[in-house]
Protein chains: 2
Amino acid sequence: MTTRRVRARRGEGALLREEILRAAEDLLAEAGTEDALTLRAVAERAGVSTPSVYLHFADKEELVEAVCLRVWDELGRLFGANLGGDPFLALGRCGRAYARFALDHPVQYRVLMLRPSPGPGVPPAAAECFRHMVDAVAACVETRVLEGDPEELALGLWSAVHGCVSLLIAQPSFPWPRDREALIDHIVRIAGFGTAVYSRLPRDLPPSADLVTALDDFGARLNLS
Amino acid sequence: MTTRRVRARRGEGALLREEILRAAEDLLAEAGTEDALTLRAVAERAGVSTPSVYLHFADKEELVEAVCLRVWDELGRLFGANLGGDPFLALGRCGRAYARFALDHPVQYRVLMLRPSPGPGVPPAAAECFRHMVDAVAACVETRVLEGDPEELALGLWSAVHGCVSLLIAQPSFPWPRDREALIDHIVRIAGFGTAVYSRLPRDLPPSADLVTALDDFGARLNLS
DNA sequence: CCGTTAGGTTAACGCTGTCAATCTGACATC
DNA sequence: GATGTCAGATTGACAGCGTTAACCTAACGG
């Protein structure tokens, strides 16, 4: 048992919440697995009895989610810092920043994105990032190079990058190329090109049209405009 | 307690393995969550005592994985059935089949693909699917429309579809369009177009080149060939 | 009929999340 | 300074979990 924590003064009970979060954060960093986050371990490290955690978190799930959400703010900042300038370059930078963030915090990313979300809605922090993303896409649409609903396009881009990093995180034994950074780069650009081509294709192209036909059509349209 | 199971005859001990798997499968289907798969619940439903599970599975993890791997064979068949004919159309069919499979078996998909893989290697069933995928891509590369390493290209396509379905499964409260089938279609084609464009771009295109430049370059090359 | 052994069971351990009941010490008041 | 109050915690317990060691028992070959 680590040294017992001194009781907080009146009105400052919320201090414990912060200390619990810090303890859990450290535990997660040391163990590298969310399994290490037992209420008992967290409480002991915070120098407090186990049920005290319930004074600030409804249940374990809420604690774990709170811990993982803490790093998410960083992603919001990253997005903000990468906006501006050429909208396509900005979009690319955001994608790369997102991927780097996920790979830098694999445990937190898994907990928040690779599990059945507990609440009915998207976690607010993630929602804000998504809004950034939609804005970035909207800027691209305004240049007329991309066409379509920004939200829908953003979802596609998001899911492309998410697919790559979540596979990297969950399936490290896939035959990945050695250079992760380059892989991310590929994916981001593939998603970008794909979205651009797809968004500018005639809507009435039959679903069964093969790639060559579609690309030819696209090439023709590109030269026209 | 359900009726107790009659002891198997000598040499037929392996029958219990099958019955345990079936029990677990049913439990999973009824509850819709892997949390329902407690050893006690599975054993009771199989009409057997809890530790008997250990006669056929090293630990719980192995049982859960075995349960989820059972449906995976179906995916292998789906892939096989969708090969042949125009390689690009085949690739598209495979992507759609993969997505439909994942959305039809969300729990199993999550257990196998969205969690830290236990063993050192890829589960054999998934590896076989990946091989199919690489073959399909290789066929496309032979037409000269796609260029590059089939394995690398396949990874990109896989991760695109995986990204979409895993987000759909884990984050149902995202602002998804109503028509899932159409969404999958978009993603598959975006990934296809993106890969095609990207694979045919000059390798020395600077990483900072913006989308418009790259697309123009691509359009020019496409008309030349 | 007996001995062997595959095919199980019993009982228990340590761990987990969670809750009801209880204590305690800092503060406002007299 | 003594007193009452209530926020801030603790104690003790519960049910359920995965897992293990020790034990039983029914089916078969000789």
Side-chain angles (χ1 to χ4, degrees), chain A residues 1-24 27-28 30-31 33-68 107 111 115-116 118-119, chain B residues 1-24 27-28 30-31 33-68 107 111 115-116 118-119:
Chain A
M1 168 104 93
T2 37
T3 57
R4 203 128 119 191
R5 174 175 176 275
V6 289
R7 189 208 198 104
R9 319 230 320 239
R10 278 211 170 181
E12 302 187 337
L15 285 180
L16 180 54
R17 187 189 158 92
E18 193 59 26
E19 295 183 27
I20 289 176
L21 280 176
R22 268 202 57 84
L27 230 43
L28 198 61
E30 287 173 18
T33 308
E34 67 261 38
D35 299 345
L37 287 188
T38 64
L39 290 184
R40 283 170 167 84
V42 171
E44 177 175 346
R45 175 167 286 235
V48 112
S49 80
T50 310
S52 293
V53 176
Y54 287 91
L55 296 173
H56 297 284
F57 301 95
D59 53 12
K60 186 193 174 176
E61 182 61 32
E62 199 175 298
L63 166 63
V64 173
E65 198 182 316
V67 171
C68 294
V107 185
V111 168
R115 275 162 37 149
Chain B
M1 170 105 92
T2 36
T3 57
R4 202 126 119 190
R5 174 175 176 274
V6 290
R7 186 209 199 102
R9 319 234 318 244
R10 279 212 170 181
E12 302 186 338
L15 284 181
L16 180 54
R17 186 190 159 92
E18 194 59 26
E19 295 184 27
I20 289 176
L21 280 176
R22 267 203 58 84
L27 230 43
L28 199 61
E30 287 174 17
T33 308
E34 67 262 38
D35 299 345
L37 285 189
T38 65
L39 290 184
R40 282 171 166 84
V42 170
E44 177 174 345
R45 176 167 286 233
V48 112
S49 80
T50 310
S52 294
V53 177
Y54 288 91
L55 296 173
H56 297 284
F57 302 93
D59 54 12
K60 186 192 174 177
E61 183 60 32
E62 197 175 299
L63 166 64
V64 173
E65 199 183 316
V67 172
C68 294
V107 186
V111 168
R115 274 163 38 150

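By convention in this document, chain letters (A, B, ...) are assigned in the order of the sequence lines, proteins followed by strands, and residues within each chain are numbered from 1. For the numbers below, each heavy atom of this structure counts, side chains included, while hydrogens, waters and symmetry mates do not. All values reported here derive from a predicted model rather than from experimental measurement.
- When each of A:A58 and B:G13 is assigned the nucleotide of DNA chain C bearing its nearest heavy atom, the one mapping closer to the 5' terminus is B:G13.
- Side-chain contact between B:F57 and B:L21 is present, with at least one heavy-atom pair separated by less than 4.5 Å.
- Counting non-hydrogen atoms under 4.0 angstrom, A:T38 reaches the backbone sugars and phosphates but no base.
- Side-chain atoms of B:D59 and B:E62, non-hydrogen and from C-beta on, do get closer than 4.5 Å to each other.
- In this structure, A:L37 atom CG and C:dG17 atom C1' are separated by 14 Å, rounded to whole Å.
- For the pair B:K60 NZ and D:dG18 P, the computed distance is 4 Å after rounding to whole Å.
- Per the geometry, CG belonging to B:D35 stands 14 Å off P belonging to C:dG17, to the nearest Å.
- Taking atom OH on A:Y54 and atom P on D:dA9, their separation rounds to 17 Å, with Å as the unit.
- Of the candidate nucleotides D:dA9, D:dC6, D:dG12, D:dG12 has the atom nearest to the side chain of A:P51.
- The side chain of B:R5 contributes an N or O atom lying less than 4.0 Å from OP1 or OP2 of C:dG8.
- Contact annotation for B:R7: base contact, defined as any heavy-atom pair under 4.0 Å involving a base atom.
- Of the candidates D:dA9, D:dT10, C:dT18, the closest approach to any side-chain atom of A:L16 belongs to D:dA9.
- Contact between the side-chain N/O atoms of A:S52 and the OP1/OP2 oxygens of D:dT10 is found at a separation under 4.0 Å.
- Listed here is the closest heavy atom pair of B:K60 and B:L37: CE-O, 2.9 Å.
- With the nearest nucleotide of DNA chain C identified for both A:R9 and A:R40, A:R40 has the one nearer the 5' end.
- Side-chain proximity of A:S49 to the nucleotides D:dT11, C:dG17, C:dT5 is greatest for D:dT11.
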